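Okay, so here's the structure we're looking at.
Note that this is a predicted model, so its numbers are computed, not measured. Because only heavy atoms are used, hydrogens play no part in the values below, and waters and symmetry mates are left out as well, while side chains stay in. Throughout, protein chains are lettered first and strands after them, A, B, ... in sequence-line order, and every chain is numbered starting at 1.
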Amino acid sequence: MPRAPAAPAARPRRRPAPPREAPLGRRARSKERTRERIVTAALALFQSKGFEETTTRAIARRARVAEGTVFNYFETKEDIALHFLELEVSHAIASVRNNRRLRRASLEEKLFALLQSQIDFLAPYEKFIGAAFVQALKPASKLGWSRQAAELRTRYLSFVQELIEESLPRGKPSALAWFGPPAFWIYYLGVLLYWLHDSSPGKQNTLAFIDRSLKLGVALLRKGVV
Amino acid sequence: MKKPEGAARRALRMAALTAGVTGSYVGYLAQRAFLGPEARQKKLKASHTRAAQRMTSEFLTLRGPAMKLGQTLSLQAGLLPEEMLSELATLQMSAPGMHASLARARFKAALGRDPDQVFKSFEPDPFAAASLGQVHRAVTREGARVAVKIQYPGIHDAVANDFRWFRTVSKGAQLTRHLPGVVLDELEAQILAETDYAREADNLEHFRKGLAPLPFVTVPKVYRRFGGQGVLTMEMLEGVHLDAWLAAKPSQKLRDTLGARLVDLYYFQLLDLQALHADPHWGNYLFGKDASIGLVDFGCVKYLDPKFVATLLSLYLYPGDRTSPHFQELLAERYALNGRTLSPASRKALARFAENFYRTVYPPELSKDDEPFDFSDDAFLKTYMRESANLGRSKVAIPEYVMIARAETGLYATLHRLKARVPMSKIVRKYLKSPR
């Protein structure tokens with residue numbers, strides 16, 4: 001597993017504004033729409049038929065494109081899954097960044113909001129997420145061990161690190177800054193597993209689990225107990 | 001406090017370690033059942049403050065709360081060994097608060113949409129703490145002001161787990177009847193019922209309709225379309241809590257009026273409606289300047305068996321000697337309803353309670369009906385607590401009585417705070433089918 005990003009030496013004063021995206025041309029927009037169609041079709045099939053059982057031909061048929069077109073965009077099914085996870089991470093980061101109310105919230109609440117928006121995003125594809133989880137554990141899996149997967153993890157954990165550092169007094173070394181992101185990654189996988197197995201109404205036990213474990217975990221790391 | 005050694009302590013330590021992360025609210029709720037309203041008010045405030053605090057208190061929250069159940073029951077019965085009591089007293093209790101993101105997530109899980117999409121406005125910070133969650137102000141799209149009660153997630157499972165665990169560790173006390181199984185069953189049923197907001201909505205509607213004959217009482221309207229698993233939306237009531245009501249220095253006459261209305265409300269529910277709002281926590285009452293009463297929080301409601309109510313009617317304002325065979329026969333009849341016989345010790349304790357407390361507060365003679373009982377002197381409260389403890393020691397156990405005692409204790413404590421003078425017998429007599 002790739003290492004989590006190390007803590008930077010100084011805490012940035014304010015989060016840099018996300019770079020403004022240039023407007024897409026007509027051709028690029030059309031390509032983007034096709035990509036979206038392929039991803040939507042694939043997700044629906046992953047969810048209904050299962051990840052293993054879904055073929056690229058079935059994806060192409062559902063997306064109403066030629067099978068070769070699918071390969072123009074994604075080399076494998078795992079690349080489609082990775083793209084979906086990229087969307088999930090972008091959505092979660094944006095939902096925390098764009099929530100003004102959260103700026104003054106505690107670290108526990110910010111991390112809760114991050115996880116909650118991820119789960120909200122994943123919820124319609126629960127069956128697929130279960131399969132993707134298992135897939136990611138396979139040694140040759142792109143979902144778990146590829147360069148793209150590592151980059152995605154780094155992007156996610158860098159944001160977690162940003163949130164952690166915002167909550168710390170400046171210039172004071174803390175176990176939270178050093179161990180927080182890698183610990184959070186393992187914790188996140190645990191939360192996903194808990195969520196997948198949670199049969200309580202509205203998956204409310206997952207909410208309670210995240211709330212209580214974040215309070216405890218952050219407190220432990222703040223105190224430097226771990 | 002010096003910690004006692006011994007088997008009880010070791011057992012409790014073991015139990016505390018196994019309480020686990022789901023360790024929850026049973027202790028707090030059970031404690032609420034028996035604490036006086038004032039102590040509970042303080043306890044609730046303290047618990048919510050603690051909930052916002054650091055890791056140390058969180059640790060205690062995780063392992064401690066279920067122990068409070070044992071402590072509560074032992075205090076009620078006055079019977080668990082002293083060493084166990086003092087050990088239990090060292091454990092902490094807390095009910096966690098929810099930050100705005102969690103409250104929103106809970107709301108969304110219940111209704112499928114964010115509160116902002118459902119309401120015209122929704123306040124992210126709660127204005128009141130409820131034992132199982134918190135209450136937020138909101139305004140509907142039609143402009144109605146409502147209170148949205150949101151429950152902490154996973155409560156039902158946590159309470160059930162705690163009871164399973166507590167039944168295991170309290171086997172000994174159950175076998176010796178120091179902790180009667182029926183009392184535990186009743187407590188579990190009531191506490192689990194409190195976690196069910198759909199049932200609470202039913203209760204609210206039942207009481208709103210049932211209490212309509214009492215013009216001084218208001219029960220909020222339920223907005224079912226804004227409710228779901230762990231979310232209950234109801235009309236916002238006017239009025240203030242007891243502390244604020246008393247701070248306005250109401251006249252003796254107004255305090256007497258409010259006292260008489262509270263007593264009237266209690267006996268109307270018990271003997272006429274045969275269902276009791278059994279949570280006398282002051283936060284659940286809102287008082288108006290004209291001594292009107294708003295009732296909120298119908299999680300803890302006891303629906304009574306009409307046969308049980310009939311036995312109460314025969315016992316209330318009993319005119320003769322309460323140590324007489326006839327009175328004792330009536331007491332035994334009440335117990336027979338639950339398929340039990342009354343032990344001589346229990347019979348004696350009940351007769352003593354009736355004589356020392358009830359005859360004084362509720363004189364049966366018709367000629368004394370216009371003589372109000374003065375609740376300002378706390379001697380009556382001490383007698384009540386002493387006789388309750390004496391009753392506990394006699395190992396008497398009527399499941400219905402757990403909730404009645406909870407409501408009755410709250411009523412007397414409120415009347416004492418009001419320093420009200422209330423013609424108790426006159427009010428009770430209204431509800432007796434055959435006036436004595």
Side-chain angles (χ1 to χ4, degrees), chain A residues 92 95-96 98-124 126 163 167 175-176 187 190-191 194-195 197-226, chain B residues 20-25 50-63 65 94-116 122-125 132-133 150-161 195-198 228-231:
Chain A
S95 70
V96 174
N98 299 339
N99 188 336
R100 291 178 62 184
R101 197 191 52 75
L102 278 178
R103 283 180 196 161
R104 286 189 194 161
S106 65
L107 174 61
E108 292 89 324
E109 184 175 350
K110 285 176 185 167
L111 293 176
F112 178 93
L114 180 70
L115 289 171
Q116 179 54 28
S117 60
Q118 288 179 269
I119 285 176
D120 264 359
F121 194 89
L122 299 178
E126 189 179 339
L163 294 179
S167 76
L176 193 59
Y187 169 71
V191 167
Y194 191 100
W195 172 73
H197 286 93
D198 184 2
S199 57
S200 62
K203 293 210 181 258
Q204 55 175 302
N205 284 351
T206 301
L207 295 180
F209 172 72
I210 298 176
D211 181 49
R212 302 199 117 197
S213 52
L214 275 177
K215 278 181 188 161
L216 188 61
V218 169
L220 282 169
L221 284 170
R222 263 194 214 286
K223 281 241 164 186
V225 177
V226 175
Chain B
V21 176
T22 54
S24 65
Y25 310 90
R50 269 201 299 277
Q53 288 174 353
R54 297 163 301 138
M55 178 192 78
T56 43
S57 60
E58 181 64 20
F59 256 138
L60 289 166
T61 307
L62 294 180
R63 66 161 203 163
S94 180
M98 282 184 279
H99 50 64
S101 299
L102 177 55
R104 274 167 190 274
R106 189 82 172 96
F107 185 93
K108 194 176 177 187
L111 279 97
R113 286 180 298 163
D114 276 325
D116 295 330
F122 176 85
E123 286 186 12
D125 296 319
L132 303 169
I150 303 180
Q151 190 178 89
Y152 191 84
I155 290 276
H156 186 279
D157 287 0
V159 169
N161 281 340
T195 67
D196 183 353
Y197 279 4
Q229 178 78 40
V231 176

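Looking at Asp120(A), the atoms closer than 4.5 Å to chain B (heavy atoms on both sides) all sit in the side chain, from C-beta outward. Neither the backbone nor the side chain of Ala110(B) comes within contact range of chain A, judged by heavy atoms closer than 4.5 Å.
Looking only at side-chain heavy atoms (C-beta outward), Pro124(B) and Arg101(A) come within less than 4.5 Å of each other. Residues Leu207(A) and Tyr152(B) fail the side-chain proximity criterion, which asks for heavy atoms closer than 4.5 Å. By the 4.5 Å heavy-atom criterion applied to side chains, Ile155(B) and Gln204(A) are not counted as neighbours.
Between the CZ atom of Arg106(B) and the CD atom of Gln116(A) there is a distance of 11.5 Å, given to the nearest 0.5 Å. Between Met98(B) atom CE and Phe112(A) atom CZ the span is 10.0 Å, to the nearest 0.5 Å. Residue Ser101(B) holds its OG atom at 11.5 Å from CD1 of Ile210(A), rounded to the nearest 0.5 Å.
Counting heavy-atom pairs closer than 4.5 Å to chain B, the top residue among Ser213(A), Ala113(A), Pro201(A) is Pro201(A).
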